[in-house]
Q: 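What follows is a single structure, and I will ask about it in a moment.
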2 protein chains.
Amino acid sequence: MDDRKGHRQLVALHLPGDFVDLHGFPLQRLDHDVASLTEVSVAFAPHTKLTEITQDYPHLTRMLWFSTLLDAAMYREWIFRLGRLNALGRVAHFLAETHCRLVATGLSHGQRFRLPLTQADIGEACGLTNIHVSRMLKELRDQGIASMEEQTVEFLDRDRLYRIAEFDPKYLYLDDGILVP
Amino acid sequence: MDDRKGHRQLVALHLPGDFVDLHGFPLQRLDHDVASLTEVSVAFAPHTKLTEITQDYPHLTRMLWFSTLLDAAMYREWIFRLGRLNALGRVAHFLAETHCRLVATGLSHGQRFRLPLTQADIGEACGLTNIHVSRMLKELRDQGIASMEEQTVEFLDRDRLYRIAEFDPKYLYLDDGILVP
DNA sequence: CGGAGGTTTGACGTCCCTCAAGGTAGGTGG
DNA sequence: CCACCTACCTTGAGGGACGTCAAACCTCCG
């Protein structure tokens with residue numbers, strides 16, 4: 001979403017495998033843009049097919065519904081991040097959430113993961129300038145908590161990272177497996 | 001949602017008629033608290049009944065789904081508010097959104113509405129201290145844009161308020177009537 | 001070689017928080 | 001009636017976190 005001056009606010013980050021913009025199905029029109037930061041492969045789900053699913057497969061419908069509400073749970077957490085955390089906590093929280101989601105989908109093991117974002121992108125997710133993101137990453141590095149170089153993040157002290165971020169992955173509903181309903 | 005020190009971040013404000021916590025149906029457990037700021041009357045919708053609805057009434061199911069995605073649209077806007085607006089814009093945006101929603105449900109006509117919140121509550125919605133909310137309300141008052149006294153808000157110059165808030169009510173999906181699908 | 005995009009660092013400014021004091025209105029008990 | 005409390009709002013002074021501006025560096029690429 002862009003403000004009047006054209007400055008961007010990221011409201012979500014989609015990872016490989018995510019159902020992008022399923023919100024557009026019940027809502028019909030969308031209030032934000034979707035853009036890709038990397039090369040992507042896309043499969044399309046026509047609204048007519050989705051409507052058929054909601055006619056014939058109640059259980060599958062609830063699963064689709066669930067996946068949009070998982071997005072909503074992340075939105076709530078992003079509100080918390082922006083409203084209650086300082087810059088260091090925001091960056092830490094963003095990294096922690098992204099790592100958890102990558103692990104859940106099998107795209108990361110251990111404490112390293114690829115994050116093809118610039119510091120400016122991270123700033124747009126966390127309501128910060130790229131410059132201050134740079135400072136916060138340095139702080140995390142200096143404190144031996146996490147490092148990021150060449151688009152690769154490594155957690156050196158996950159517990160301290162979580163504490164700074166006030167992060168608790170419960171809201172990602174992972175322990176039940178992604179699809180509960 | 002509370003941070004470690006017990007400071008609260010509001011992530012949503014429900015108005016009379018809203019379906020509170022419908023998210024809890026597909027999600028099963030919830031990652032935030034629900035509290036009332038005023039006296040309320042409550043009707044309960046048992047999950048068993050909702051499950052029956054999703055079995056037998058696809059159209060009604062899509063309407064319920066839609067209403068949760070309207071919440072999600074507001075979450076996105078709250079993220080934008082916290083990430084990209086300054087204090088004056090945040091307060092203005094919060095007032096503008098609440099007014100629009102009240103008008104949509106017939107609970108406000110014209111440019112006045114009752115808002116039974118303290119300045120501390122508004123601060124918890126906007127990521128500000130009660131003290132700075134007080135200063136921003138004074139600013140809006142001094143500039144002849146909006147006033148709030150005794151829990152009643154009045155818009156004196158709605159256009160300027162919208163401009164400060166970078167507010168566009170499209171995301172509330174009101175022009176189609178609340179229930180599109 | 002030059003240029004573009006990204007990162008880092010320093011100096012400085014400002015927005016908002018913190019702390020403190022005082023004001024008002026309502027409620028309770030004398 | 002006054003005295004006193006609580007909750008909320010207001011205002012001022014000072015400080016800190018983050019933004020802005022500028023400069024330098026690096027890598028990649030043509």
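Numbers restart at 1 for each chain; the letters A, B, ... are given by sequence-line order, proteins then strands.
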Q: Does the A/Asp3 side chain pair with the main chain of A/Lys5, one donor and one acceptor, at a distance under 3.5 Å?
A: yes
Q: Rounded to whole Å, how long is the line connecting atom CE of A/Met136 with atom P of D/dC18?
A: 6 Å
Q: Base of C/dT18, side chain of B/Arg135 - is there a donor-acceptor contact under 3.5 Å?
A: yes
Q: Counting distance only, does the side-chain N/O of A/Glu166 pair as donor-acceptor with the main-chain N or O of B/Arg4 below 3.5 Å?
A: yes
Q: A/Glu149 CD to D/dT27 C1': how many Å, rounded?
A: 14 Å
Q: Quick one: is C/dT7 close enough that its OP1 or OP2 comes under 4.0 Å of any side-chain N or O from A/Ser134?
A: no
Q: Grab the CG-P distance between A/Leu117 and C/dT7 for me, whole Å please.
A: 10 Å
Q: Side chains of B/Phe25 and A/Arg62: closer than 4.5 Å at any heavy-atom pair?
A: yes
Q: I'd like to know if the side chain of B/Arg84 and the backbone of A/Arg8 have a donor-acceptor N/O pair within less than 3.5 Å.
A: yes
Q: Pick base, sugar-phosphate or nothing for A/Gly123, based on heavy-atom distances below 4.0 Å to the nucleic acid.
A: nothing
Q: Can you tell me if A/Arg141 touches the phosphate of C/dT8, counting only side-chain N or O atoms and a distance under 4.0 Å to OP1 or OP2?
A: yes
Q: Please report, rounded to the nearest Å, how far the P atom of D/dG19 is from the NE2 atom of A/His132.
A: 6 Å
Q: Does A/Gln119 place a side-chain N or O at less than 4.0 Å from the phosphate oxygens OP1/OP2 of C/dG5?
A: no
Q: For a quick check of understanding: with a heavy-atom distance under 4.0 Å over all strands, which category does B/Leu137 fall into, base, sugar-phosphate or nothing?
A: nothing
Q: Write down the distance between CG (A/Leu88) and C1' (D/dG16), rounded to a whole number of angstrom.
A: 15 Å
Q: In whole Å, I'd like the distance from the CD atom of B/Glu139 to the C1' atom of C/dC16.
A: 14 Å
Q: Could you tell me the separation between the CG atom of B/Leu128 and the C1' atom of D/dC9, rounded to a whole number of Å?
A: 16 Å
Q: Return the value, rounded to whole Å, for the distance between atom CG of A/Leu85 and atom C1' of C/dC17.
A: 16 Å
Q: Looking at every strand, decide which applies to B/Asn130 at a 4.0 Å heavy-atom threshold: base, sugar-phosphate, or nothing.
A: nothing
Q: In Å and rounded to the nearest 0.5 Å, what is the CD to CG distance from A/Gln111 to A/Asp157?
A: 10.0 Å
